[in-house]
**Student:** 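Okay, handing you the structure first.
Quick note: numbers below take in every heavy atom, side chains included, and nothing from hydrogens, waters or symmetry partners. Numbers restart at 1 for each chain; the letters A, B, ... are given by sequence-line order, proteins then strands.
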There are 2 protein chains.
Amino acid sequence: MDKPEAEPEAEGPAASPAPYRLDDQVGHLLRRANQRHLAIYGRAIPELTPMQFATLAKLHEAGALSQNALGRLTAMDAATVKGVVDRLRKSAHVQTENDKTDRRRTIVSLTPEGRALVESLFARAHEISRETLSPLDATEQAMFLHLLRKMI
Amino acid sequence: MDKPEAEPEAEGPAASPAPYRLDDQVGHLLRRANQRHLAIYGRAIPELTPMQFATLAKLHEAGALSQNALGRLTAMDAATVKGVVDRLRKSAHVQTENDKTDRRRTIVSLTPEGRALVESLFARAHEISRETLSPLDATEQAMFLHLLRKMI
DNA sequence: TCCCGTTTGTTCGCATACAAACGGATTTTG
DNA sequence: CAAAATCCGTTTGTATGCGAACAAACGGGA
């Protein structure tokens, strides 16, 4: 029963390889879901880029952080963090100082303006998450978030 | 019973607004899931960028396409398509020609080298999708893809 | 036929992303 | 303690990704 032939069902040895359809691939779907989310974000909060907002939100949540720690907590590359922090510093939303105990570190913290701005945006930010998930009902939303977390 | 106080459960009138935790937001989770996928991709197919592969795969699937059509089918901005096509043309994986009937259009098609390359990568590409979904069991994978599609 | 709105492709500018390489600082280890 | 391994931040280079502004070309209706 192990003849390498005539096994039309299941995964026969010479089964035609499933065709590769871009629209069926997780990666493509993830990318498009992300694109849709970013479009919703851009409409709701045009004054800050997504990563600039994420940075302010994380600093508000966790307090002053080194650039590296900030990168880990926001899932940003060190090189990317630098650019974001540079621009936020230029717009006076964050400030940086040298760490007294570790001279390699640069500590980033919110300025009063940055704190005021991010606090004023939390309501809109919640709305963004709500709208992004809006095609799903409550049960599906919970399931989706659960599966997303499990996949990371 | 409508005193604006002492209502720890439910959503009281002055309910403390749900704190904004970055790690709880769909956008952040989508971004991280995408990052993880891109890391898996990069390990499996280092010779082409994700969008270069997506472009070749779509051309293989749909045949020659105008740049705009290619952009719509791969969910790429027109400006982004140009850069990707330029690089693929430089590496001789695609070629372009002028449309006879519509002089605005640029038709993009696979070269023999591009076709051979993309066909040789389909197996690895399938493996990438499999690995990306591997933290989920079969039922969860189906559910996840279903919810992702519903959200787009 | 001529005008107008749309489509297509291009260019510019800005903001992620990440790999790789580097110098300086700190920590681990032998 | 000194060497080795790590960590932190920076810089460079390449590749998306998108908004905005344009020019050329198309299509339909007045």
**Student:** Aromatic contact between H60(B) and Y20(A), with the criterion being ring centroids under 6.0 Å apart: yes or no?
**Tutor:** no
**Student:** Using whole Å, report how far CG of N68(A) lies from C1' of dG9(D).
**Tutor:** 7 Å
**Student:** If I take atom CG in residue D86(A) and atom C1' in nucleotide dT11(D), what distance separates them, rounded to the nearest angstrom?
**Tutor:** 12 Å
**Student:** Want to settle it: does S66(A) or Q52(B) sit nearer the 5' end of DNA chain D, counting the closest nucleotide to each?
**Tutor:** S66(A)
**Student:** Report yes if at least one side-chain N or O of T49(A) is closer than 4.0 Å to OP1 or OP2 of dT16(C); otherwise report no.
**Tutor:** yes
**Student:** Looking across every strand, which nucleic acid part, if any, lies under 4.0 Å from D102(B) by heavy atom: base, sugar-phosphate, or nothing?
**Tutor:** sugar-phosphate
**Student:** Can you tell whether the side chains of D86(B) and K90(B) come within less than 4.0 Å, N to carboxylate O?
**Tutor:** no
**Student:** Report which part of the nucleic acid T74(B) touches: base, sugar-phosphate, or nothing (heavy-atom distance under 4.0 Å, all strands).
**Tutor:** nothing
**Student:** Which sits closer to the 5' end of DNA chain C, T101(A) or G83(A), going by the nucleotide each is nearest to?
**Tutor:** G83(A)
**Student:** Scan V84(B) against the nucleic acid and name what it touches under 4.0 Å (heavy atoms): base, sugar-phosphate only, or nothing.
**Tutor:** sugar-phosphate
**Student:** Would you say R72(A) places a side-chain N or O within less than 4.0 Å of OP1 or OP2 belonging to dC7(D)?
**Tutor:** no
**Student:** Taking N and O atoms by type only, does the side chain of R104(B) place a donor or acceptor under 3.5 Å from a partner on the base of dT7(C)?
**Tutor:** yes
**Student:** Check every strand shown and say whether T96(B) touches a base, only sugar-phosphate, or nothing at a heavy-atom separation below 4.0 Å.
**Tutor:** nothing
**Student:** Ring-plane angle category for F53(B) and Y41(B), please: parallel below 30°, perpendicular beyond 60°, tilted otherwise.
**Tutor:** tilted
**Student:** Separation of L65(B) atom CG from dT8(C) atom P, in whole Å?
**Tutor:** 12 Å
**Student:** dT16(C) P sits how many Å from L70(A) CG, rounded?
**Tutor:** 12 Å
**Student:** Take atom CG of D99(B) and atom P of dA25(D), then tell me their distance rounded to the nearest Å.
**Tutor:** 13 Å
**Student:** Does dT26(C) have OP1 or OP2 sitting under 4.0 Å from an N or O in the side chain of R105(A)?
**Tutor:** no
**Student:** Considering only NZ, NE, NH1 and NH2 on the basic side and carboxylate oxygens on the acidic side, decide whether E61(A) and R21(B) come within less than 4.0 Å.
**Tutor:** no
**Student:** Could you check how far CD of E47(B) sits from P of dA15(D), rounded to whole Å?
**Tutor:** 14 Å
**Student:** Does R124(B) pair with E47(B) as a salt bridge, N-O distance under 4.0 Å?
**Tutor:** yes
**Student:** Assess whether a salt bridge exists between R72(A) and D77(A), defined as any Lys/Arg side-chain N lying under 4.0 Å from an Asp/Glu carboxylate O.
**Tutor:** no
**Student:** Is there a path of hydrophobic side-chain contacts, each under 4.5 Å between heavy atoms of I/L/V/M/F/W/Y residues, joining M76(A) to L73(A)?
**Tutor:** yes
**Student:** Measure from the side chain of R103(A), starting at C-beta and using heavy atoms only, and say which of dC18(D), dT16(D), dT26(C) lies closest.
**Tutor:** dT26(C)
**Student:** For K82(A) and dC14(C), give me the distance from atom NZ to atom P, rounded to whole Å.
**Tutor:** 17 Å
**Student:** Is there a side-chain contact between T80(A) and the phosphate of dA15(C), meaning an N or O under 4.0 Å from OP1 or OP2?
**Tutor:** no
**Student:** Quick one: is Q67(B) getting a side-chain N or O under 4.0 Å of the dT7(C) phosphate, OP1 or OP2?
**Tutor:** no
**Student:** Is it true that a side-chain atom of E131(A) and a backbone atom of I40(A) form a donor plus acceptor pair closer than 3.5 Å?
**Tutor:** no
**Student:** So which of residues 27-38 of chain B are in contact with DNA chain D, with a heavy-atom cut-off of under 4.0 Å?
**Tutor:** none
**Student:** CG of D77(A) versus P of dT14(D): gap in Å, rounded?
**Tutor:** 17 Å
